[in-house]
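In what follows, a structure is listed as structure tokens, so that the remarks can point back to it.
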Amino acid sequence: MKNNEKASERGGFGSRIGFILAAAGSAVGLGNIWRFPYLAAKYGGGVFLLVYIVFAITFGFALMLTEIAIGRRTGKSVIGAYKAVDKRFSPLGLLAAVIPALILPYYCVIGGWVLKYMSVFITGGGEEASTAEYITASGESVPFFSNFISHFTQPTVFFIVFLLLTSVAVFLGVEKGIEKVSKFLMPVLLLLIVGIAVYTLTLDGAGEGLKYYLLPDINGFTPAKFLQTIAAACGQLFYSMSIAMGIMVTYGSYMRKEDSLESSVRQIEIFDTVVAVLAGMIIVPAVFIFSGGDRTSLNAGPGLMFNTLPKVFAAMPAGQFIGAAFFILVTLAALTSSISLMETVTAVVMEKFGFSRTKSCVIVIFVTFILGMLSVLGYSAWSEIKIFGMQILDFFDFITNNIMMPVLAFLTCILIGYVVKTKYIEEEVMIGEKRFRSKILYNVMIKCICPICMLMILLTPFVTDI
Ligand code: PFF
């Protein structure tokens, strides 16, 4: 294949808004909708919100800008991009390719669970999802969610459907697939979340929940808890903004040179943070009303979304309808994120092996299917298997989010801050611009604050249980 043909297969975004919505689509995902609200509830409501927003506009901004600028400057997928920045740092490219390849399978398995809930609510089965109890082979009584994931067939089918839905956009390419899909889905997502938030806030007693969510509650805030809050906000930012998984480098490589990097990054961040804050305005007051003010119901993990929320919807007027709208919203958010994960891996296969987009995509689907099945089986036939005490899915989540991603981000800061120097990024930011408004902030972040935060994320799981 000739070089220019290859370049055209690689593709690029056709508009600035297309790029922003696609990157925001990647950032807005399960992290915003279930992870952010429960962390906010756990770490003093407004205190967490405040710390998070400060981090988003400082450290999150610097990391996202770095990745997008590396992508746009090199015009390559992650493997080629890190190599082009500095040959000695080539292994970082490999790490940045392995991370999304490991996340995509389990993300699609969870996407399948969300799809299942969406179909249950749309077909009027919300009541069942919230109250039904099932008797297992060992005579135990378990709720709908545990029963669903402990089977093999249904989670597999929903996983495959979600994986195939994801691949449609990637098959179609950057402009005709990812950009088109994002331009349609992201406004729908925004409308849905605003609509559901407005509805929830009109319910009786929502005001108390909202106060709990928005007002800083420093009761019981010891210095240790404050440090934990900072580490949790750092980790969440990382997770939420799709940083250190190769995605932003890949999307950056498709970005047009004439579009402003600095303001695009700001807009992506605003989109992501607004959706996270709105998700909290739905979940915290709703759970608060339902539980009669019991804060422990806002506990972590999939339990909140798959066990507690269906109960909340069942108890709420027009809950069946609101539940359906909510799970459509979560499906869309998860879909645009998994598209970005798949595109990152596909771009690597295309570039590394010189395969066509279609062939690369088929290979990625196949490998994702095999790896994803490990997670599906981890809850059913292989539920006895534990890796370092973790279920298979949790293990994939742990090694990527708690180890590989902070390591990649830390080394990227070293590469940019001390090896090629921040000038490398500044030159890219300055294309078509009069000045780099956040230049000083950017330098301080990349050279000092970001590496410290990364080390903190790396160390906290081993020091405290946050
Ligand atoms: N940023 C997305 C989210 O908040 O869900 C996507 C994502 C985050 C994917 C973390 C995977 C992951 F481990």
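Counting convention: from 1, in listed order, for ligands and their atoms alike. Residue numbers count from 1 along this sequence.
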Atoms in ligand 1 with a heavy atom of [X] nearer than 4.0 Å:
X: S242; value: 1 (N), 2 (C), 6 (C)
X: N32; value: 4 (O)
X: Y106; value: 13 (F)
X: L30; value: 3 (C), 5 (O)
X: S240; value: 1 (N), 4 (O)
X: I103; value: 11 (C), 12 (C), 13 (F)
X: S337; value: 2 (C), 6 (C)

Which residue owns the protein heavy atom closest to [atom], what's the atom, and how far is it?
atom: atom 9 (C) of ligand 1; result: Y107 CE1, 3.4 Å
atom: atom 13 (F) of ligand 1; result: N401 ND2, 3.2 Å
atom: atom 12 (C) of ligand 1; result: M245 CE, 3.7 Å
atom: atom 8 (C) of ligand 1; result: Y239 O, 3.2 Å

Measuring from the heavy atoms of S26, does anything fall under 4.0 Å of ligand 1?
yes
Pick from A27, G31, P100: the one approaching atom 1 (N) of ligand 1 most closely through a non-hydrogen atom
A27
Among all residues two or more places apart in sequence or in another chain, which pass the salt bridge (charged side-chain N to carboxylate O under 4.0 Å, His left out) test with E343?
R357
List the atom pairs, donor and acceptor, that lie under 3.5 Å between side-chain atoms in residues 389-396 and the rest of the protein, sequence neighbours left out.
from : atom 1 : to   : atom 2 : distance (Å)
Q391 : NE2    : G378 : O      : 3.1

Worked check of salt bridge (Lys or Arg N to Asp or Glu O under 4.0 Å) between K183 and E179
CA-CA 6 Å; K183 273 181 165 167; E179 182 165 348; 3.5 Å; yes
E67 bridged to R72 by N-O distance under 4.0 Å
no
